[in-house]
Amino acid sequence: MKRHAITLTVNEESHQLHILPNRTLQEVLRDDLHLTGTKESCGEGTCGSCTVLVDGQPTRSCLTLAVAMEGKKITTIEGLAQGDTLHPVQEAFVQYHGIQCGFCSPGMILTAYALLQENPNPTEKEIREAISGNVCRCTGYAKAVEAIQSVAERR
Amino acid sequence: MRLPPFDYAEPKSLAEALTLKEQHQEAVKVVAGGTEALVQLKLRLIEPRVVMNIKKIPEIEGIEETAEEIIIGANTSLKTIGRSPILREKFGAAAEAAGLVASPTIAAMATVGGNLLQNTRCLYYDQSEIVLKGLEKCHKRGGKTCLAVKGSTRCFSVYQGDLAPALMAYNGKAVLEKKGGSRTISLEDLFSGNGIQPFTLDPEEILTRIILPKPKGTSGSAYRKLRIRGSVDYPLTSAAAFMVMKDQKISEARVVIGAAGAAPKRVETQLQGKTPQEADLNAIADQAYSLSEGVDNLTMPGAYRRKMVRVFTKRAIQGAIEALKGGK
């Protein structure tokens, strides 16, 4: 197995990496760049906890080869806040109690962020559809949906 | 779950990809969206020497319209297909099928080529290495038994692609290319009907385009699918229907069912020359029922899935009639 030299742009920072091709983006983000906000749960694309943005599009990092990410702009949950100031979507999840254990939150918040970028005023149905690939096993979805709606309304 | 070791190739042109495919043949796994292939790699169901990512070949991505046809590049994402105005207007079943695949995030990654060429599935096959170690090797894993139908001499794995039934209902064609040549075959002929090796692609070939002939007249189509979890499941039963009207009569009608065997299956409709009101939906549903294989190898009992073939066949035809009234 031959290693590949790639430049990975994560949260507007460039990283020069020398990686094996069989490593997923999720593994490289967590193990090499120590961006542990990205979670792994099912590892097969079902649960959405590993979701990151690739060129603004929510993407399963567990089903993405890191070696294929040369030239792409990756945003992880660590890239949303500005210093100590949370992004309005993150703030809303806190305010509306959209978080309990927090394992699904990075993926769900990034998916919601991408939805609002594309559609600043989504209906409840559109919100539910957008996050339908993000499975939560403790909080439930009502609070998350309310949080996302509140950000849309404030705009 | 970790991926097995492999070498990686990322061709930037189709010519380069075809050369690599010819060179490595079956030892190379072609990957585009990765949503299917990476899972199979993680489960060790496939262990190719080389993984070739074709997603960065722009010449086989996008939807093109000519006077007679719609040409869809194999790299086109399901999100693009679901949202395409021309497909939504004239090929509603294809757009609907794409919109019903997994969740929006997966649909944005997954491609039409990958969706068409997804492997057949079975509860006794799509499992981790640990589970499979405890099972006797079935036909699909190179053994001599079927774990779903005890004593069967053939494989009963199920083709659960969503796009294929819809695209087959339009009499779609597939363009297969290899170094120095290409052939265009009907989508039907892309399937072998054998669950062990479901496709008829040659080892040096790559699926590059899908061609849909434009309907001659007012047409309507619909795709309906049974699943337990809306944002996750593959179809447990599915049906696509397509109809063309001329002078108030149905001039063309095609129904294709999915998740009913190792390949999508065409159902005889005998609707030509009739009005939609005269359509005997029960007769068509009975046909679909008799064609489907209801085996206990997916997440719902086979007998139930088979009964639901009737229901979903009717729903798809009714959906196509509705779409026809809308004049699409």
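Remember, predicted model here, so these are calculated numbers, not experimental data.
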Kindly check if the number of other-residue, nucleotide or ligand heavy atoms within 6.0 Å of [atom1] ([X]) is above 12?
X: B:Lys56; atom1: NZ; answer: yes
X: B:Ile228; atom1: CD1; answer: yes
X: B:Lys12; atom1: NZ; answer: yes
X: A:His15; atom1: NE2; answer: yes

Minimum-distance pair of heavy atoms, taken over all atoms of A:Leu65 and B:Leu38: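 So the minimum-distance heavy-atom pair works out to CD2-CD2, 4.0 Å.
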
Contact summary for A:Ser132 and B:Ser231, nearest pair of heavy atoms: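 Here A:Ser132 and B:Ser231 meet closest at O-OG, 2.7 Å.
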
Which bit of A:Gln57 comes within less than 4.5 Å of chain B, counting heavy atoms only: side chain, backbone, both or neither?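 Only the side chain of A:Gln57 comes within 4.5 Å of chain B.
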
Under 4.5 Å heavy-atom distance to chain B, tell me which part of A:Glu40 shows up: side chain, backbone, both or neither.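 Just the side chain, heavy atoms under 4.5 Å.
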
Ion pair present between B:Lys79 and A:Glu118, side-chain N to carboxylate O less than 4.0 angstrom?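 Salt bridge flag = yes for A:Glu118 with B:Lys79.
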
Assess whether a salt bridge exists between A:Arg3 and B:Asp7, defined as any Lys/Arg side-chain N lying under 4.0 Å from an Asp/Glu carboxylate O.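 No, A:Arg3 and B:Asp7 are not salt-bridged.
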
Does any part of the side chain of A:Leu20, heavy atoms only, come nearer than 4.5 Å to the side chain of B:Phe6, both counted from C-beta?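 They are not in side-chain contact.
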
Please rank [options] by heavy-atom pairs under 4.5 Å with chain B and give me the top one.
options: A:Cys42, A:Gly48, A:Cys62, A:Cys47; value: A:Cys62
options: A:Ala114, A:Ala68, A:Gly133; value: A:Ala68
options: A:Glu129, A:Arg60, A:Lys2; value: A:Arg60

B:Thr105, B:Leu41, B:Val39 screened by side chain to side chain contact (heavy atoms under 4.5 Å, CB included) with A:Leu63, the one that passes: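 In the set B:Thr105, B:Leu41, B:Val39, the residue that makes a side chain to side chain contact (heavy atoms under 4.5 Å, CB included) with A:Leu63 is B:Val39.
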
Do A:Asn22 side-chain atoms and B:Leu3 backbone N/O form a donor-acceptor pair below 3.5 Å?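 The answer is yes, because a donor-acceptor pair under 3.5 Å joins these two groups.
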
Heavy-atom donor-acceptor pair, B:Lys42 side chain to A:Gly43 backbone, under 3.5 Å: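 Yes, the answer is positive, given that a donor and an acceptor are paired below the 3.5 Å cut-off.
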
By a 4.5 Å heavy-atom criterion (distance strictly below it), what part of [X] contacts chain A: side chain, backbone, both, or neither?
X: B:Met1; result: both
X: B:Val51; result: side chain
X: B:Arg2; result: both
X: B:Val232; result: side chain

Among B:Pro4, B:Ala102, B:Gly230, residue most engaged with chain A (heavy-atom pairs, under 4.5 Å):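 Highest number of pairs under 4.5 Å: B:Pro4.
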
